[in-house]
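Data block below; observations after.
Numbers restart at 1 for each chain; the letters A, B, ... are given by sequence-line order, proteins then strands.
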Protein chains: 2
Amino acid sequence: MTLKQLEAFYWSAILGSFALAAERLFMTQSALSKRIQELELEIGIPLFDRTGPRARITEAGQNILGRVENLLALRDEIVLAARGPIGLQGTCRFGISELMAMQFLPKIVAAARAAFPDVIVEPRVAVTRELLDDVEKGETEFALAPGTSENPDVLSRPIVSIPLCWVAAPDLVKGKTSITSAELQAYPIISMSAQAGSSLVLQSFSAQHDLRFRRILASNSPEAVASVTMAGLGIALLAEPFVKRFIDTGQLLRIDIEDQPAVSELQYSIHWRADNKRVLAKKIRELAYEICTRPLS
Amino acid sequence: MTLKQLEAFYWSAILGSFALAAERLFMTQSALSKRIQELELEIGIPLFDRTGPRARITEAGQNILGRVENLLALRDEIVLAARGPIGLQGTCRFGISELMAMQFLPKIVAAARAAFPDVIVEPRVAVTRELLDDVEKGETEFALAPGTSENPDVLSRPIVSIPLCWVAAPDLVKGKTSITSAELQAYPIISMSAQAGSSLVLQSFSAQHDLRFRRILASNSPEAVASVTMAGLGIALLAEPFVKRFIDTGQLLRIDIEDQPAVSELQYSIHWRADNKRVLAKKIRELAYEICTRPLS
DNA sequence: CACTCTTACGGCACCCGTAAGAATC
DNA sequence: GATTCTTACGGGTGCCGTAAGAGTG
């Protein structure tokens with residue numbers, strides 16, 4: 001029995017797929033498949049059921065999964081105890097929303113590389129729904145995203161709350177900086193794609209005021225939304241820190257909604273699976289939390 | 001990092017010697033030395049101090065030793081959980097005194113081989129002192145021997161108490177079956193070597209009655225002591241079950257000591273290091289305990 | 001000089017990746 | 001036919017044992 005075999009088994013069990021596990025471990029499916037076969041031969045019992053279209057973990061596999069998890073965690077602790085953080089190796093994947101990425105990702109990656117030079121950090125930028133899905137499936141160690149997961153296995157810890165604001169090109173609203181929600185309805189709305197955090201706020205806003213918006217763009221990129229808005233195509237609901245530079249230069253105008261005094265805020269949290277025991281994941285998650293909650297310098 | 005490296009480190013640390021660890025792991029010193037070097041390279045810090053005549057574990061090595069121990073125990077538990085006892089591999093060395101060996105060793109070995117077919121069982125027959133030394137040094141997993149260890153790290157659990165008796169050739173004592181302790185002093189004493197359990201009883205007996213014996217043989221073999229005694233060379237203190245067959249055939253005569261009404265008993269126990277976490281060792285130790293305390297069939 | 005660990009080197013075995021095959025939807 | 005896992009095969013590397021070297025009491 002080898003640590004490599006156990007790691008192959010572990011990731012195959014967590015991800016429910018040999019192909020994904022092989023990708024994570026930077027090897028081919030074929031090699032991983034054989035590693036697991038050798039492990040099964042070693043302990044003399046099948047760990048996966050290959051009868052279906054995809055390999056499903058057997059009861060025997062489920063029985064040892066927790067112990068294998070503990071063993072692998074112990075391996076990382078041994079390295080940590082002997083050499084400190086710089087000795088850790090491995091890969092850490094995490095998800096991050098674009099807005100958070102613009103503000104924090106460079107710092108997170110830099111800090112992670114400094115603390116764990118031999119660790120491969122793989123951030124993935126996506127919209128909220130995808131980020132949370134990946135965490136639930138075990139594909140990423142944690143995610144920095146708005147909202148909370150409805151999955152009880154996923155824990156969330158708030159980090160920052162970012163105010164949203166309505167913006168438009170000055171021409172479009174003829175210089176008006178304050179309109180009613182009814183008036184707002186007349187304008188085309190430029191929004192992020194439906195699965196993004198700010199779109200969820202937009203949905204709840206429209207439901208609350210019984211409004212129907214005409215959306216003319218659903219982009220995954222806030223930059224795209226901002227540029228289209230600056231071109232005068234409509235009004236957008238965007239994160240205030242993100243559009244501040246455009247407001248300062250006069251490219252966008254901040255619009256207040258008269259009958260909506262309180263500005264909506266997007267609550268960002270860090271999300272992770274409660275059963276994730278990986279030492280590396282925990283360290284980098286804490287590091288990311290630290291950076292995102294630290295007062296801006 | 002590999003399990004083999006960790007195991008090499010573990011046994012080198014426990015036994016305090018690369019040579020002994022290599023012997024235990026059925027490999028050459030040279031190969032083991034390189035394995036440990038590779039582990040040190042892997043975690044980036046020396047685990048042994050080679051400046052002295054023998055490799056001494058460093059502080060860093062000491063720091064990880066407990067975790068490595070847990071990791072290796074977890075490996076065995078994984079096999080146990082998946083496959084049951086028959087999946088366990090490895091070597092189990094234990095010590096046993098000759099008298100216990102005659103009565104129980106075949107049963108213990110047979111039971112161990114039946115329960116753990118892939119385990120190499122290495123019993124070692126020796127006298128009490130050596131058996132306990134080996135347990136203290138970590139060379140054996142446990143020992144079946146009389147008495148208790150003065151080392152607080154060694155736990156002892158009683159198994160059986162075996163009565164001792166004085167025996168002599170009928171000719172030597174002219175058929176007398178009862179003598180005083182003073183008369184006993186006149187005869188040559190044939191005893192086990194000084195480090196055997198029965199010799200320790202003999203020492204305490206002589207101290208108690210302020211007697212000085214003339215010893216004419218110190219053998220590690222009870223068979224040798226019995227045969228010499230049957231030849232009429234002196235009186236011996238031997239285990240009753242062992243000499244029963246000679247008494248029954250008339251080759252030896254049982255001698256009672258008039259002023260020593262209670263017969264000395266040799267209390268046998270099973271001894272093991274309290275910090276021994278090895279799964280295999282524990283299983284076979286319990287198996288041996290079971291067999292030695294089971295009513296004789 | 002006995003003992004212990006290290007270094008050098010030759011050979012074998014293991015393990016990986018490529019490529020093709022089988023099974024399932 | 002797309003996806004997923006398995007099997008077959010060639011090649012490179014890692015690891016072991018033998019043998020010689022170095023340091024210590």
5′-ward residue of the pair A:Glu38/A:Gly52 relative to DNA chain C
A:Glu38
Considering only NZ, NE, NH1 and NH2 on the basic side and carboxylate oxygens on the acidic side, decide whether A:Arg75 and A:Glu7 come within less than 4.0 Å.
yes
Roughly how many Å is it from CD1 in B:Ile57 to P in C:dC5, rounded to a whole number?
13 Å
Let me spell it out: for each of B:Lys4 and A:Ser17, pick the nucleotide of DNA chain D with the closest heavy atom. Which residue's pick is nearer the 5' end?
A:Ser17
Would you please confirm or rule out a distance under 4.0 Å between OP1 or OP2 of D:dT6 and any side-chain N or O of A:Ser30?
no
Could you tell me the separation between the CZ atom of A:Arg35 and the P atom of C:dG17, rounded to a whole number of Å?
8 Å
Polar side chain donor-acceptor pair, A:Asp49 to A:Thr51, under 3.5 angstrom
yes
Provide, to the nearest angstrom, the distance between the CD atom belonging to A:Glu42 and the P atom belonging to C:dC14.
12 Å
Does OP1 or OP2 of D:dC5 have a side-chain N or O of A:Arg54 closer than 4.0 Å?
no
Rounding to an integer number of Å, can you tell me how far A:Ile36 CD1 sits from D:dT4 P?
15 Å
Base, sugar-phosphate, or nothing: which does B:Ser12 touch, judged by heavy atoms less than 4.0 Å apart?
nothing
Ignoring backbone atoms, test whether B:Gln5 places a side-chain nitrogen or oxygen under 4.0 Å from the OP1 or OP2 oxygen of D:dC15.
no
Using whole Å, what does the distance between atom P of nucleotide C:dG17 and atom CD of A:Gln29 come to?
12 Å
So B:Phe48 and B:Phe18, would you call those rings parallel, tilted or perpendicular, with 30° and 60° as cut-offs?
perpendicular
Roughly, in whole Å, what's the span from CD in A:Glu7 to C1' in C:dC16?
16 Å
Respond yes when some side-chain nitrogen or oxygen of A:Arg50 is under 4.0 Å from OP1 or OP2 of C:dA23, and no when none is.
no
Go through C:dC5, D:dG17, D:dC5 for me and flag the one nearest to the B:Met27 side chain.
D:dG17
Separation of D:dT4 atom P from A:Glu23 atom CD, nearest Å, is 11 Å
Check: A:Ser33 side chain, A:Gln29 main-chain N or O, donor-acceptor pair, under 3.5 Å:
no
For B:Leu20 and C:dC3, what is the distance between atoms CG and C1' respectively, to the nearest whole Å?
12 Å
By nearest-heavy-atom nucleotide on DNA chain C, the more 5' of A:Lys34 and B:Ala19 is B:Ala19
Reckon A:Gln37 has a side-chain N or O less than 4.0 Å from the OP1 or OP2 of D:dT7?
yes
From CG (B:Leu39) to CD1 (B:Ile45), nearest 0.5 Å:
11.5 Å
